[in-house]
Number of protein chains: 2
Amino acid sequence: MVDAKERLLAAAVDYVAEHGIGTKSLRQIAAGLGTSHRMLIYHFGSKQGLLVEIIRTVEARQRAVLADLAHEPGESAGDMARRFWRRISDPALWPNVRLFFEVYGQALQGRPGTTHLLDDVVHAWLDPIIALGMAQGLSEQDAQAAARLGLAVTRGLLLDLLTTGDRAAADAAMERYITGYEAQLPGRASPLS
Amino acid sequence: MVDAKERLLAAAVDYVAEHGIGTKSLRQIAAGLGTSHRMLIYHFGSKQGLLVEIIRTVEARQRAVLADLAHEPGESAGDMARRFWRRISDPALWPNVRLFFEVYGQALQGRPGTTHLLDDVVHAWLDPIIALGMAQGLSEQDAQAAARLGLAVTRGLLLDLLTTGDRAAADAAMERYITGYEAQLPGRASPLS
DNA sequence: CTACCATTGTACCAGATGGTACATGTACCA
DNA sequence: TGGTACATGTACCATCTGGTACAATGGTAG
């Protein structure tokens with residue numbers, strides 16, 4: 001079976017999403033999957049090989065969420081942002097989000113096998129949001145700043161949500177951001193200065 | 001000397017800020033400090049004991065930055081936010097910030113000895129910002145949402161900055177946020193709907 | 001049936017890990 | 001002077017680590 005490795009990988013990602021990756025040995029992970037550390041080495045070559053593939057999978061899962069960002073016809077930018085936030089803050093995704101931030105933190109510290117996460121973790125998300133902002137009439141400069149801000153808000157509020165579990169508070173903060181974003185779009189009574 | 005332990009701790013924090021904490025053994029840390037792992041056990045009891053004290057120190061350093069948030073007379077809220085951002089995004093602090101996010105990620109995954117970081121990592125920052133917002137005339141509800149949003153923006157943009165190193169872009173995004181914040185303060189031509 | 005190939009179990013390895021036992025040094029206090 | 005408390009070095013321990021050697025499956029294609 002070609003995808004025995006794929007199934008093992010998916011299970012491994014779920015396991016480390018649930019239990020953390022930083023403190024787990026090959027043997028612990030293998031035991032959690034009902035296999036032996038021998039099999040992990042066989043399929044992935046080394047612990048770092050497994051780590052790399054796990055991170056590839058985390059990236060892929062994030063991109064799958066990003067793909068849902070596709071603009072629906074007739075939907076306002078604000079409503080799209082609300083839909084996106086509702087989806088990405090779904091508690092069912094929390095283990096994945098936690099794993100994302102754990103790996104992100106290790107990548108920032110240069111742990112071997114993780115750093116390629118950093119290559120796209122910002123820009124892959126920025127580009128579609130920039131395009132969206134420009135479609136709303138923002139200048140390229142404004143769209144870039146707005147996209148960066150939107151990404152920061154999302155990641156920051158996810159951290160808050162994972163930490164406190166206070167969904168209502170995180171939602172309220174996100175709503176405040178979206179309201180402000182809409183107010184800064186052109187074609188309205190200029191809200192500034 | 002009573003503070004031999006304190007000096008060792010400070011050096012240990014600097015070391016792990018520079019090299020990461022997740023992948024380092026007691027021996028590696030000790031070697032980096034010019035001492036032996038025996039001494040770390042002697043002073044801190046165990047590896048987890050050292051970990052706990054390192055995190056206490058990271059928290060303390062963060063609070064020291066927070067203390068600088070004190071409102072200067074005659075300064076607008078926006079200018080205060082700008083001053084705060086300039087300070088906390090100083091490249092000299094990047095190793096500490098990286099360590100903060102690394103430990104934060106591990107705490108979210110429940111690594112023993114780290115989780116008490118989570119107790120205050122949000123609320124300790126929120127409270128002064130809420131007070132500030134209310135001093136600017138916001139309702140308590142609005143001040144809470146605005147504080148949460150501001151904290152998320154700051155943490156999110158720090159992640160961006162550590163990842164990309166693109167200071168100009170991060171500054172522009174922060175400036176856009178602050179401008180929007182000021183526009184949402186009462187006492188101005190209502191910018192919304 | 002046989003030959004082959006992917007897969008898996010068992011057993012092992014050298015090295016690193018956190019932690020301990022014990023002896024030694026060193027300063028200060030009586 | 002002697003003692004006492006902190007500090008440090010050396011040596012060691014059991015355990016765990018990632019990784020390997022090798023044999024045994026089991027299915028499949030000739």
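Lettering follows sequence order; numbering is per chain, from 1. This one's a predicted model, so the numbers in the text were calculated from it and none came from an experiment.
- When all heavy atoms of G165(A) and W94(A) are compared, the closest pair comes out as CA-CH2, 4.4 Å.
- When every heavy atom of R167(A) is checked against every heavy atom of P91(A), the shortest pair comes out as NH2-CD, 3.4 Å.
- Rounded to a whole Å, the CZ atom of F44(B) is 19 Å from the C1' atom of dT20(C).
- The two residues A173(A) and R148(B) have their closest heavy-atom pair at CB-CB, 3.8 Å.
- A straight line from CG of L33(A) to C1' of dT7(C) spans 17 Å, rounded to a whole angstrom.
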I'd like a table of atom pairs between the protein and nucleotides 9-14 of chain C - only N or O on both sides, under 3.5 Å - with the distance next to each one.
| unit_1 | atom_1 | unit_2 | atom_2 | d |
| --- | --- | --- | --- | --- |
| dG9(C) | O6 | R38(A) | NE | 3.1 |
| dG9(C) | O6 | R38(A) | NH2 | 3.2 |

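- The nearest whole Å value for the distance from the CG atom in L40(B) to the P atom in dG9(D) is 12 Å.
- An OP1 or OP2 oxygen of dT8(D) is reached within less than 4.0 angstrom by a side-chain nitrogen or oxygen of H43(B).
- For dT17(C), one of the phosphate oxygens OP1 or OP2 lies less than 4.0 angstrom from a side-chain nitrogen or oxygen of Q28(B).
- Between atom CG of residue L50(A) and atom OG of residue S46(A) there is a gap of 8.5 Å, rounded to the nearest 0.5 Å.
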Under the salt bridge (charged side-chain N to carboxylate O under 4.0 Å, His left out) rule, what do R86(B) and D68(B) come out as? Steps first, then yes or no, please.
CA-CA 12 Å; R86(B) 215 173 304 125; D68(B) 282 4; over 6 Å; no
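- Between the C1' atom of dT8(C) and the CG atom of L8(A) lies a distance of 12 Å, rounded to the nearest Å.
- Contact between L40(A) and L26(A) at its shortest, heavy atoms only, is CD1-O, 3.6 Å.
- Going from atom CD1 of I41(A) over to atom P of dG18(D) covers 8 Å, rounded to whole Å.
- Taking atom CG of residue L26(A) and atom P of nucleotide dT15(D), one finds them 21 Å apart after rounding to whole Å.
- Spacing between atom CD1 of I21(B) and atom P of dT17(C) amounts to 15 Å, rounded to whole angstrom units.
- Evaluated for a side-chain contact (heavy atoms from CB on, under 4.5 Å) with V103(B), the options V121(B), I55(B), L51(B) yield exactly one hit, I55(B).
- Two residues, Y42(A) and K24(B), neighbour DNA chain C, and the one matched to the more 5' nucleotide by heavy-atom proximity is Y42(A).
- When the side-chain nitrogen and oxygen atoms of S25(B) are compared with OP1 and OP2 of dT17(C), one or more of them lie within a distance under 4.0 Å.
- Base pairing analysis places dA30(C) opposite dT1(D); the two distances defining the Watson-Crick or G-U wobble pair are each below 3.5 Å.
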